Amino acid sequence: NRGETSSGSGRPVIGVDYPRSDTDFWNSYIKYVPQYAKELGLELKTTNSQNDVAKLSSNVQTLISQGVKGIAMAPQDTAAIAPALQTLATKKIPVVSIDTRPDQGDVFMVVRADNRAYGEKACKFLGTKLNASGKVVMLQGDLASINGRDRTEAFNDCMKKNYPAITVFGEATNWDGAIASQKLQIRLTEHPDIKGIYMQSSFALAGTLQLLKQRNLLVAPDDPKHVFVVSNDGIPKELQEIAAGNIDATVSQPADLYAKYALHYLKAAIDGKTFQPGRTDHDSTIIQVRPGVLEDQLSAPLVTRDGGAYGGIQSVKPDDKSLWGNNI
Amino acid sequence: MSEVAQARHITKRYGSTVALDDAGITVRTGETHALVGRNGAGKSTLVAILTGLQAPDSGSVTFGGAPAPRLSDRDAWRRRVACVYQKSTIIPELTVAENLMLNRYDRGRAGLIDWGTVRRRAHELLTEWSVDVDVRTRAGDLSVEQRQFVEIARALSFGARFIILDEPTAQLDAAAIARLFARMRDLRRQGVTFLFISHHLQEIYEICDMVTVFRDARHIVTAPVAELARGELIAAMTGEAAALATPRTRRAPAESAHALLDVDGLSTAGVFEDVSFQARPGEIVGLAGSGGSGKTEVAETIVGLRAADAGTISVTGRRLRHGDVADALAAGVGFVPQDRHHQGLVPAMSIGDNATLTIPQRLGPAGFLSGRRRDTIAAAAIDHLAIKAPGPGLPVAQLSGGNQQKVVMARALANEPRVLVLITPTAGVDVRSKEFLLAKVEQVADAGTAVVVASDELDDLRLCDRILVMFQGRIVAELPRGWADRDAVAAMEGLTIDG
Amino acid sequence: MGELTTAPPRRIAGGVALARLRDLALVPAIILIAIVGQIISPVFLAPDNLINIGQTMSEVALLVLAQTIVLVAGKMDLSLESTFGLAPGVAAWMTVAVGAGHGLGLVPGGWAIPITLAVGALIGVANAALIVRFGLHGFIVTLGMLIVLRGLLTGISGGQTFFMLPDSMMYPGTAMWFGIPASIWICLGLFAGGIVLLGYTSFGRSLYAIGGNVDAAKAAGIRTDRVLWIALVSASTLAALGGLMLSGRLASVAASQGNGAIFTVFAAAVIGGVSLNGGKGTMFGAFTGILLLFMIQNVLTLAGVPAQWIGALNGAIILIALVVSRITSGKAQE
Amino acid sequence: MGELTTAPPRRIAGGVALARLRDLALVPAIILIAIVGQIISPVFLAPDNLINIGQTMSEVALLVLAQTIVLVAGKMDLSLESTFGLAPGVAAWMTVAVGAGHGLGLVPGGWAIPITLAVGALIGVANAALIVRFGLHGFIVTLGMLIVLRGLLTGISGGQTFFMLPDSMMYPGTAMWFGIPASIWICLGLFAGGIVLLGYTSFGRSLYAIGGNVDAAKAAGIRTDRVLWIALVSASTLAALGGLMLSGRLASVAASQGNGAIFTVFAAAVIGGVSLNGGKGTMFGAFTGILLLFMIQNVLTLAGVPAQWIGALNGAIILIALVVSRITSGKAQE
Ligand SMILES: Nc1ncnc2c1ncn2[C@@H]1O[C@H](COP(=O)(O)OP(=O)(O)OP(=O)(O)O)[C@@H](O)[C@H]1O
Ligand SMILES: Nc1ncnc2c1ncn2[C@@H]1O[C@H](COP(=O)(O)OP(=O)(O)OP(=O)(O)O)[C@@H](O)[C@H]1O
Ligand SMILES: [Mg+2]
Ligand SMILES: [Mg+2]
């Protein structure tokens with residue numbers, strides 16, 4: 001069958017579907033993938049589903065017809081991918097799911113950072129910095145995004161449990177910087193004493209800083225007017241701003257590790273290796289989510305200016321060479 | 001029981017406008033009944049009610065004594081009365097066959113439309129009425145006359161013995177009108193009854209037996225045509241006794257005057273060829289010709305609406321750029337286009353804006369407009385042309401046809417033209433407004449403007465100091481003042497004039 | 001009885017033939033894309049890939065079918081893209097059990113398809129009431145509806161995806177008939193029906209008449225309001241069916257299902273020769289339009305065009321298709 | 001000359017007054033929302049919040065201004081939403097230094113504003129060429145352009161956000177003049193200019209004439225093609241300026257900047273009384289339309305409406321506004 005159409009070089013062909021190409025985070029993922037594919041000696045076919053699950057399932061078909069031996073994907077809609085996974089299972093093509101965990105169906109491995117941990121880290125940092133009281137705005141992503149929801153829920157749960165005196169204003173923003181800025185502006189007008197901002201993604205970074213600047217709130221961290229800002233993603237711009245003291249922390253998503261281990265596990269699957277729950281050789285843990293689904297939970301470091309510990313969480317400094325944002 | 005159709009005590013309102021006010025009509029079997037009235041008198045509204053398109057607010061319609069069918073039963077209506085409406089009911093994107101057979105297709109097995117039979121029946125229908133058109137043609141590609149006859153053939157094809165024609169002649173030239181009338185006489189001999197609406201009173205006298213006059217939504221009089229003299233008829237329509245046809249006392253302009261407009265060797269391939277003429281100050285030149293003779297196109301070329309292939313147009317010695325309306329306006333050409341709805345007016349804009357559309361430079365400096373200056377100019381025009389309107393701010397869409405045409409005239413006169421070009425300036429305008437507009441044209445000419453009138457209406461042409469008759473794109477005759485109707489018509493039809 | 005008219009203009013006969021040819025206008029383009037596709041990747045014409053194209057286009061194709069009906073009648077329905085998501089969304093909401101699938105579990109799964117179609121029809125009724133009954137402008141009514149319905153889906157789903165759909169909902173999107181996905185059969189069948197409807201039934205011809213000249217249609221005894229009601233309601237119902245097929249294929253209803261699809265739908269219809277001003281265009285043309293767009297997307301994917309440039313390329317091809325159809329039709333577009 | 005007998009219908013005088021009143025049609029709604037807002041949250045009428053509304057609406061308001069010009073002339077420009085993102089995107093791409101900001105750093109920062117406006121104008125030229133010169137349908141040309149331009153922005157940015165914009169790009173979105181953001185001044189100034197342009201210049205009147213009846217406009221010596229070129233090019237340039245202001249305010253250009261804005265723009269224009277068929281509507285009306293929409297959004301946020309229902313509510317309010325404007329205008333909409 002057409003499965004044998006692999007290249008003359010004899011390297012195994014794998015397919016990678018990129019989820020979207022309109023965020024800095026995923027773009028660096030897209031940049032890393034071919035690099036690691038070359039390192040691992042894999043031949044790469046790629047597609048891009050542009051954040052549309054219907055396109056993803058069609059792309060899977062395309063990749064299958066191109067004769068790939070394994071597929072890495074990052075389904076942004078974790079429910080809708082089940083039929084595609086079923087098709088792949090019947091064709092015995094192993095799947096590695098990046099960043100999200102399918103709600104149904106088997107995959108060889110989920111490579112993912114713990115999004116709940118993002119929300120929790122942000123909460124602990126803000127709780128510590130605000131001395132457990134005050135008002136905080138959370139700029140959520142899209143209601144439809146599971147990662148956004150995980151972050152939101154974890155942040156809210158943690159606040160309720162550990163810092164009940166902190167008021168949280170959650171604002172849905174559709175991952176849109178303009179909407180985020182508009183909602184933040186309204187909240188800042190309504191509550192000029194807001195002391196903390198949690199942005200669930202770096203999309204709102206520039207607009208938020210601009211708004212703080214306009215309201216003369218962009219001051220040094222030791223100034224009493226300072227508003228503590230926690231971002232998420234770990235793009236280079238965030239690291240710069242942390243170093244400059246404009247924002248205070250971010251959670252660095254391991255874009256490089258996503259790419260590296262996605263391909264690592266795919267190659268392993270093609271080579272017939274299997275994995276068990278437990279510690280890995282790269283400072284993470286594999287857990288069994290449900291029968292047939294293992295998840296390698298990569299660590300996502302909290303980045304702060306001083307690299308201190310907050311609420312029991314150790315952070316790293318923005319110039320740490322291990323951060324993907326410092327390696328592009 | 002000799003009446004085919006009767007409408008009694010009909011009242012119909014559109015919002016606050018009363019279109020028909022306790023009006024009625026009785027049409028007897030076999031007669032050709034004329035319905036006349038000024039624009040907005042309610043004629044078309046009555047037609048809509050008589051054909052079941054609209055329900056009257058009150059009053060009743062009977063056919064042969066029996067009450068009219070329910071409004072929803074269109075087929076029953078169409079068996080009783082056929083109609084060619086004032087507004088075209090041809091659907092341009094569909095074929096002629098489909099237009100003819102719309103909503104009454106032949107079906108094959110499985111209940112699907114059998115296009116072969118539909119086309120064949122459409123073809124038979126057109127053959128029966130001697131309309132020579134390929135039924136597969138897109139209706140939008142037909143000429144005005146072809147379209148009109150397709151409509152007539154369709155109306156007749158329902159087998160109704162009572163036919164309403166709402167201004168069928170408004171868009172036809174003399175030859176086509178003659179053919180239509182021949183047709184009507186033919187049908188009348190076969191016992192068909194007609195209700196005929198027209199603004200051309202001579203047509204009423206030519207073809208009708210009875211005439212009913214509406215004025216201001218009311219029924220005024222019904223009488224045999226023979227018993228109602230022209231003056232009385234007009235008096236009934238206008239509500240005034242004053243005689244209209246005052247003989248003109250125009251004097252032709254002095255021979256010596258130089259040409260204001262000089263058209264030389266104008267040609268457009270396939271449309272007209274080598275057209276040359278001049279117009280002197282104060283002279284009114286008629287461009288006569290039937291449909292397709294090229295007179296309209298020549299006039300449109302002069303004003304810049306079309307570009308000619310060859311030839312020159314000069315106004316006071318200055319050559320105009322072909323196909324450039326703005327240049328023509330700047331050179332002092334004013335004009336009334338052929339169709340006021342199409343090219344004359346912007347319906348949503350006010351009288352003031354429409355009347356001053358050609359003269360923005362006079363309304364203020366550097367592209368700005370002074371509303372006050374505009375309204376002053378427009379108010380003067382309203383006064384000058386006796387436009388019935390409360391003020392210059394009224395959208396022209398709310399004016400009646402005659403008054404709309406006056407606004408078009410106001411626009412033509414706004415730039416105080418040296419050369420005034422009028423294309424069928426009185427089409428669809430009632431008899432009073434027509435007299436008025438023609439008198440104005442004369443007045444303008446007397447003030448030293450050269451006027452060109454392109455028309456096939458004898459009433460318009462009679463005004464002219466001389467007429468140039470066009471036939472198939474060429475000027476074939478020049479008739480000096482004092483021509484006989486018969487000669488002009490013959491020339492327009494392409495017959496050589498003897499003597 | 002003298003001849004009534006002059007000879008018909010010469011170009012007319014050619015015009016008739018041309019009108020028929022216009023239906024096939026996109027066929028050369030489709031063949032061209034097929035050749036290019038095959039050159040780029042030997043997979044392109046493989047049955048698997050063709051089925052892939054057919055299946056992925058089938059749902060949106062139903063939207064094109066629906067929009068074509070509405071466009072021919074001289075109206076527009078932007079809200080179809082929201083109906084595409086909301087109708088199966090409501091069905092899922094009501095049938096999926098409480099818990100992981102995010103439903104309410106109010107009624108048994110067998111109700112899912114009737115609910116989907118009923119919601120579609122109901123949206124059509126709302127559109128028709130506002131447009132036909134109250135005389136509101138179709139573009140802006142359906143723009144408003146698009147926003148409302150999209151909002152409603154976000155509202156009932158809380159922005160989450162419904163899954164664990166009942167079997168009946170899965171069926172149209174997943175079943176195979178004679179080795180080919182049911183959705184392809186449904187799509188082809190409905191288009192065949194659409195061709196017959198528009199070309200050979202008096203209902204279909206009424207749509208053209210209304211789109212061409214509504215007063216003339218009225219005068220010819222066509223119940224224009226009723227025809228428009230039927231057109232709008234069935235368009236919405238078709239959109240709901242399309243959404244159902246997609247939900248089945250993806251085994252879920254995302255809160256964003258259908259978002260942005262209307263752009264593709266309009267592009268397909270217009271490239272396929274359907275006029276935005278009503279009264280012109282055929283079902284076959286519309287089908288070739290959407291087929292062409294999906295083939296292009298497939299080729300771009302196979303060619304490995306960098307994702308960030310796919311959008312620009314796709315748009316450029318649509319624009320070119322427009323310009324070309326302008327040149328071939330030879331007159332200003334409507 | 002006493003022969004013109006028919007007395008002018010009585011309703012006419014009222015009609016003129018009504019036409020002027022229609023300009024103020026949304027003022028009661030705006031007052032109502034202000035009252036409701038103030039009841040819901042005492043912050044609503046605080047100067048700070050009013051400035052918020054003004055600042056957040058100013059950029060999209062420029063799109064509405066641009067669209068109004070195009071609509072009055074009887075055309076449509078869907079691509080404005082893409083121009084809104086692409087124009088500042090190109091400027092950022094060319095001026096931002098290589099590195100974290102994702103630019104190419106080809107030219108010094110001072111070029112940013114000229115580049116933005118030039119790109120805007122160029123897009124307008126492309127639109128005008130296709131629509132005016134080649135007679136393509138405006139809706140579908142600009143739909144194609146919308147897709148192409150959106151794709152181009154994704155292409156040049158690689159989908160990423162441009163940061164670290166040059167100072168000159170930041171200025172219009174961030175400067176304060178007399179204690180009020182410059183963008184509010186710019187927006188108000190341009191709308192005032194727009195009111196004068198449409199109401200008191202011959203260019204503006206030409207737009208109405210063309211939109212109302214293009215043949216009549218031609219016959220009146222208006223160079224319709226030239227006017228349409230100017231209208232389309234200036235609309236695109238205004239959209240570019242709006243995008244510039246937003247980029248400045250957010251200190252960045254996202255690859256998605258402007259996506260979906262066109263729906264809001266159309267809704268605002270139509271609610272504000274601008275006809276989609278051309279020739280009707282005023283700049284002031286359009287301004288009240290966009291103001292109303294942003295006030296509603298602000299109130300909904302302040303009221304703490306659950307996020308998933310905001311979309312539905314917003315849409316419902318837009319629909320209601322349409323129905324109400326239908327009732328007040330008293331006749332079928334165009
Ligand atoms: N659809 C309509 N809406 C509102 N008013 C209308 C409508 N149709 C007709 N009218 C009103 O009815 C009145 C009579 O119009 P109608 O068309 O019957 O006049 P008419 O006698 O046929 O005029 P003409 O000789 O110009 O054709 C007009 O004054 C007009 O105000
Ligand atoms: N849609 C309308 N709404 C309100 N009034 C109208 C409308 N249409 C026409 N009218 C009124 O109708 C009267 C006459 O209009 P009508 O349509 O009869 O013009 P017309 O003379 O028939 O034009 P034409 O001869 O070119 O057909 C005017 O007084 C005008 O106020
Ligand atoms: Mg009339
Ligand atoms: Mg009439």
Side-chain angles (χ1 to χ4, degrees), chain B residues 15-17 38-41 215-216 238-240 242 303-305 324-330 335 337 339-350 353-354 357-358 360-361 363-364 366-371 386-391 393-395 398-400 402-403 411 432-433 435-436, chain D residues 1-20 22 72-74 193 196-227 230 273-275 277-282 330-331 334:
Chain B
S16 55
T17 312
R38 305 190 55 189
N39 296 123
R215 184 174 76 232
D216 295 345
T238 58
E240 294 158 39
V303 303
L305 280 172
D324 187 339
V325 177
D327 189 48
L329 287 172
F335 73 102
D339 178 352
R340 64 171 169 272
H341 299 297
H342 180 52
Q343 292 181 313
L345 296 167
V346 184
M349 289 174 79
S350 69
D353 279 327
N354 269 290
L357 211 49
T358 50
Q361 72 285 355
L363 299 184
F368 284 89
L369 300 178
S370 150
I387 297 168
K388 275 290 169 196
L394 187 79
Q398 294 182 23
L399 291 176
S400 73
N403 284 310
R411 186 178 94 174
R432 266 296 176 173
S433 307
E435 289 286 334
F436 181 85
Chain D
M1 273 187 240
E3 75 273 33
L4 289 142
T5 49
T6 25
R10 200 129 314 141
R11 79 202 132 79
I12 282 172
V16 175
L18 204 94
R20 270 179 208 149
R22 211 169 294 152
V72 164
V196 172
L197 180 86
L198 286 195
Y200 302 94
T201 68
S202 64
F203 179 79
R205 205 177 53 161
S206 307
L207 291 176
Y208 283 100
I210 292 171
N213 182 349
V214 65
D215 291 314
K218 253 182 216 148
I222 294 171
R223 297 184 198 274
T224 53
D225 283 4
R226 197 162 72 178
V227 172
I230 296 175
V274 179
S275 161
N277 294 349
K280 243 185 276 182
T282 65
K331 59 171 174 164
E334 287 129 48

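Please read all numbers here as calculations on a predicted model, not as lab measurements. Naming convention: chains lettered A, B, ... in sequence-line order (proteins, then strands); numbering from 1 in each chain.
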What part of [X] is in contact with chain B, defined as an atom under 4.5 angstrom from a non-hydrogen atom: side chain, backbone, both or neither?
X      : value
D:I222 : side chain
D:R205 : both
D:V196 : side chain

Residue B:N354 versus chain D: region with a heavy atom under 4.5 Å: neither
Approximate separation, where rounding is to 0.5 Å, of B:L357 CG and D:S202 OG: 10.0 Å
For B:V325, side chain to side chain contact (heavy atoms under 4.5 Å, CB included) partners two or more places apart: B:L305, B:L329, B:F335
Side chain to side chain donor-acceptor pair (under 3.5 Å) contacts touching residues 211-220 of chain D (sequence neighbours left out): B:H342-D:D215
Most contacts with chain B, counted as non-hydrogen pairs under 4.5 angstrom, among D:A217, D:A220, D:G199, D:G221: D:A220
Give me the atom names and distance for the closest heavy-atom approach of [X] to [Y].
X      : Y      : value
D:G279 : B:A348 : O-CB, 4.4 Å
B:P347 : D:G212 : CD-O, 4.1 Å
D:A219 : B:R411 : CB-NH2, 3.7 Å

Top contributor to chain D contacts, counting heavy-atom pairs under 4.5 Å, from B:T358, B:V303, B:D339: B:T358
